[in-house]
There are 2 protein chains.
Amino acid sequence: MADELYKALADPTRRTILDELTEQSGQTLFEICSRLAMKHRLDISRQGVSQHLAVLEAAGLVETRREGRYKFHDLNTAPLRQITERWLGTDPSGPDKENP
Amino acid sequence: MADELYKALADPTRRTILDELTEQSGQTLFEICSRLAMKHRLDISRQGVSQHLAVLEAAGLVETRREGRYKFHDLNTAPLRQITERWLGTDPSGPDKENP
DNA sequence: ACCATAGGCAAGTGAACGCTTGCCTATCAA
DNA sequence: TTGATAGGCAAGCGTTCACTTGCCTATGGT
């Protein structure tokens, strides 16, 4: 899954999607589409965004839940920690207060 | 430069090069080549490795210094911090002891 | 001066990637 | 039931990417 994590981060549009989900998690595909268009002037097709979300989900950065005809996309930043753990050897969340 | 950082991390061979430089910084092109071949069974041409190093340097992840006919490649992990800072909102090195 | 070593430049190739277009399914409101 | 909304699948297209090959420059040992 590490491979897919780095691949997911490689695209600027996907990183912007992560930014949007950071600001408000649990958005639908159409919400993300319109935000990309409005706030970032990214006029990309709905399918394009959908494919990006699939890549992000494969990387574990986005988790989805279905409710009726809506599919909500939630952000999961946990996989990002392995990046700094790999080359910085540190826990990005900082020292554990219980075991300092 | 952020764009080049994520692009640099997208390739598995480049990530392995970072691993090798983490283990021992300041290696030459040929040293890196032979290590990739020996330790990781990656038989990639010298030019291929050279191009990877160029991408890593453009991302600021490796810095080079010339000495005679040798060019040493040093690891610089600093750019990695912006990744977790962007979506985790944390400093990977932990809280600053001066300003906690 | 010679030749091996360390590295660089540039063109070419095949595969992967981002994105679009067209059509199809499912859920909800009227 | 009809129509609108939310989303999915798959083929096609142009670009980027990783990698190779061939040739060239520069430094150092003998």
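Atom set for the values below is all heavy atoms of this structure, side chains included, hydrogens, waters and symmetry mates excluded.
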Is there side-chain contact between [X] and [Y], with at least one heavy-atom pair below 4.5 Å?
X        : Y        : result
Thr13(A) : His40(A) : no
Leu29(A) : Ile32(A) : no
Trp87(A) : Asp19(B) : yes
Lys71(A) : Arg66(A) : yes

[X] side chain: which of [options] is closest?
X        : options                   : answer
Arg46(B) : dG7(D), dG7(C), dG18(C)   : dG7(C)
Arg66(A) : dC17(D), dT20(C), dG7(D)  : dG7(D)
Lys71(B) : dA6(D), dC17(C), dG8(C)   : dG8(C)
His52(A) : dC19(C), dA10(C), dG18(C) : dC19(C)
Arg69(A) : dA18(D), dC23(D), dT5(D)  : dT5(D)

Any side-chain N or O of [X] less than 4.0 Å from the OP1 or OP2 oxygen of [N]?
X        : N       : value
Ser45(A) : dT20(C) : yes
Thr13(B) : dC19(D) : yes
Ser50(A) : dG8(D)  : yes

What about Glu67(B): does its side chain form a donor-acceptor pair under 3.5 Å with the base of dT27(D)?
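In this structure, the two groups form no donor-acceptor pair.
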
Roughly how many Å is it from [atom1] in [X] to [atom2] in [N], rounded to a whole number?
X        : N       : atom1 : atom2 : answer
Gln51(B) : dG7(C)  : CD    : P     : 15 Å
Ile32(B) : dG7(C)  : CD1   : P     : 9 Å
Tyr70(B) : dT25(D) : OH    : P     : 22 Å
Arg65(A) : dA6(D)  : CZ    : C1'   : 15 Å

To the closest 0.5 Å, what do you measure between NE2 (His52(A)) and CG (Leu18(A))?
11.0 Å

Under 4.0 Å, counting only non-hydrogen atoms across every strand here, what does Gly68(B) touch: a base, just sugar-phosphate, or nothing?
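Gly68(B): backbone/sugar contact only, no base atoms under 4.0 Å.
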
